[in-house]
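Chain identifiers are assigned alphabetically (A, B, ...) following the order of the sequence lines, protein sequences preceding nucleic acid strands; residue numbering begins at 1 within each chain.
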Amino acid sequence: MTDKKNNRGVGRTALLVAVVAIGLYALTIALNF
Amino acid sequence: MSSTTTAAYDDHGHGPEKGLLRWVKTTNHKDIGTLYMWFAFAMLLIGGSLAMGIRAELLQPGLQLFEPQFYNQLTTMHGLIMVFGAIMPAFVGLANWLIPLMVGAPDMALPRMNNWSFWILPFAGAILLSTFFMEGGAPAFGWTFYAPLSTTFAPDSTDFFIFAIHLLGFSSIMGAINIIATVLNMKAPEMRLMDMPLFVWTWLITSFLLIGAMPVLAGAVTMMLTDRNFGTAFFDAAGGGDPVMFQHIFWFFGHPEVYIMILPAFGIISHIIPTFARKPLFGYSSMVYATASIAFLSYIVWAHHMFLTGMPVAGELYFMYATMLIAVPTGVKVFNWVATMWKGSLSFETPMLWALAFVFLFTIGGFSGLMLGIAPADIQYHDTYFVVAHFHYVLVTGALWGIIAAVFYWLPKWTGRMYNEPLAKFHFWWALISVNVTFFPQHFLGLAGMPRRIPDYSLQFADFNFISSIGAFSFGLSFLLLTYIVVDCIRNGKPADARPWESAKGLEWTLASPIAYHTFDEPPTRAEILAESQHS
């Protein structure tokens with residue numbers, strides 16, 4: 001469907017943002033122990 | 001795109017699948033946008049019905065219809081459903097429909113995850129609503145679910161509420177990831193960041209707010225869950241925990257959440273006003289920077305919701321001044337909207353009416369927010385109907401008004417048909433008058449000292465409550481007309497032009513009407529992007 005040139009880096013961006021979200025979740029709980 | 005590439009992807013022409021499975025299996029951003037919008041509308045009607053119950057109880061002093069415990073369930077569930085079920089999904093629906101069209105992308109970056117983000121929602125919503133039918137009833141601790149009300153003293157159904165919030169948060173985070181990846185990786189190669197339309201900019205910034213705030217909410221409800229079921233004492237003072245810490249964590253999520261629900265509306269208004277003023281948007285780049293400033297400030301003002309928890313004066317002063325600071329970038333935005341209209345060739349089609357009402361009424365909500373942000377004054381206002389009036393001006397005549405403005409503005413593009421303009425204008429004035437009759441008297445009730453979240457009140461509050469309830473019934477009824485207008489447009493509307501608003505700018509208006517199932521197989525050129533830019 002998509003031109004390969006036009007979606008380069010989607011996986012990397014998504015993974016990076018997901019890691020930040022999971023990290024914040026863990027940090028919220030960890031800081032309250 | 002070369003002919004070789006076209007041959008390699010030989011599935012271009014296909015349309016949607018037939019039948020109900022189309023909606024279950026779809027990965028098309030337009031379908032998913034539509035699903036989000038209808039889900040949000042259904043939740044709006046359910047949440048609105050609960051509000052009708054609340055206002056019916058408050059029509060007169062004394063207990064009329066409900067036990068106080070059930071009344072608390074109504075206010076709690078009304079807030080949760082409207083915030084997590086109606087406003088947020090509606091904006092995600094708009095993002096799904098519009099962002100790929102506005103950046104010249106063929107779809108969202110992660111279409112299968114997009115499907116998953118949506119289909120979590122009906123289950124989470126059903127779990128939340130099912131708590132009404134459980135022993136002990138639905139959560140009754142307010143939408144802010146402060147501990148220990150939500151831990152030690154909460155009904156058993158709270159665990160279902162916690163699961164629903166986890167799911168809703170998960171869905172929002174996946175939605176945000178998708179939007180960030182779509183905007184940063186999928187926008188047309190020839191489109192620069194400062195070429196992007198403001199709805200895209202505001203949603204990109206909102207996505208970062210979601211990524212920063214939703215995991216904190218998830219952390220808070222996880223800790224609630226373990227406090228309730230696994231013997232921890234995060235928020236239990238008897239076990240060495242701190243219930244005030246819950247409030248800090250909640251509002252560290254809660255304040256950015258407020259901006260999550262308003263920034264996309266700012267973007268929408270920044271599209272509609274230039275179109276109907278027939279002028280380019282005044283101060284495009286200052287709009288972008290103001291949005292980013294508001295987002296940054298939203299993370300450092302959370303404790304202005306907690307002035308009465310007993311924080312040091314230095315803390316109160318810091319949170320007060322930081323809160324005041326938000327008025328600066330917000331003022332920039334309001335100024336820019338007014339300056340866009342200045343000496344414009346204005347016309348007042350339905351989307352413009354909603355956008356203009358937004359500017360006036362959201363500003364009222366913003367100013368009452370400033371009043372609440374003054375720490376010594378907040379001692380008087382805190383937990384009164386003044387707060388209720390304030391956030392309904394922000395969320396109903398702000399966020400919801402932005403959504404309705406967007407629906408009328410882009411409905412011709414989505415459906416390929418025009419809505420009934422005279423009827424839509426009549427509906428606007430009906431909603432505008434009734435919403436003010438509902439919420440404006442609540443300022444007076446709050447200033448006179450009527451507390452929030454009570455089913456009964458002293459006699460001196462009777463008149464304004466009566467007026468407010470009558471306004472609310474009328475406002476509630478107006479949504480039946482809105483439903484008719486939208487359904488009538490979809491079924492019987494006259495065919496709309498590709499660009500039904502003569503001065504509308506944006507790549508979405510370059511597409512034929514009715515819009516094809518797949519769009520922007522080839523990205524737009526630099527010339528096309530510049531011709532449709534908000535700068536010119």
Self-check item: Contact summary for A/T28 and B/A220, nearest pair of heavy atoms
Solution: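 Answer, listing the atom of A/T28 first, then B/A220: CG2-N, 4.5 Å.
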
Quiz prompt | Minimum heavy-atom distance A/A21-B/P215, with the two atoms named | solution =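 Taking A/A21 first and B/P215 second, the nearest heavy atoms are O-CB, 3.3 Å.
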
Practice problem: List for me each residue that meets ring-ring contact (aromatic ring centres under 6.0 Å, His included) alongside B/F253, sequence neighbours excluded, and say none if there are none. | Solution: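 Per chain and number, B/F253 pairs via ring-ring contact (aromatic ring centres under 6.0 Å, His included) with B/F250.
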
Quiz prompt | Option in B/I177, B/L110, B/N178, B/I173 with maximal non-hydrogen atom pairs under 4.5 Å from chain A | solution =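 Most pairs with chain A among the choices: B/I177.
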
Quiz item: chain A contacts: which residues in residues 233-247 of chain B have a non-hydrogen atom closer than 4.5 Å to it?
Solution: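 Result: B/F234, B/M245.
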
Within 6.0 angstrom of [X] [atom1], more than 12 heavy atoms from elsewhere:
X	atom1	value
B/Y299	OH	yes
B/R526	CZ	yes
B/R192	CZ	no

So, taking the atom named [atom1] in [X] and the one named [atom2] in [Y], what distance separates them when rounded to the nearest 0.5 Å?
X	Y	atom1	atom2	result
B/N185	A/T13	CG	OG1	3.5 Å
B/H166	A/Y25	NE2	OH	4.5 Å
A/L24	B/M214	CG	CE	12.5 Å
B/T222	A/N32	OG1	CG	11.5 Å
B/T232	A/I29	OG1	CD1	10.0 Å

Quiz item: Applying salt bridge (charged side-chain N to carboxylate O under 4.0 Å, His left out), which residue pairs with at least one partner in residues 16-33 of chain A are found, sequence neighbours left out?
Solution: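 Qualifying pairs: none.
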
Self-check item: Any pair counted as salt bridge (charged side-chain N to carboxylate O under 4.0 Å, His left out), so long as it reaches residues 205-234 of chain B, sequence neighbours left out
Solution: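 Salt bridge (charged side-chain N to carboxylate O under 4.0 Å, His left out) check on residues 205-234 of chain B returns B/D159-B/R228.
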
Quiz item: Of the backbone (N, CA, C, O) and the side chain (C-beta and beyond), which part of B/I211 lies under 4.5 Å from a heavy atom of chain A, both, or neither?
Solution: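 Both the backbone and the side chain of B/I211 come within 4.5 Å of chain A.
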
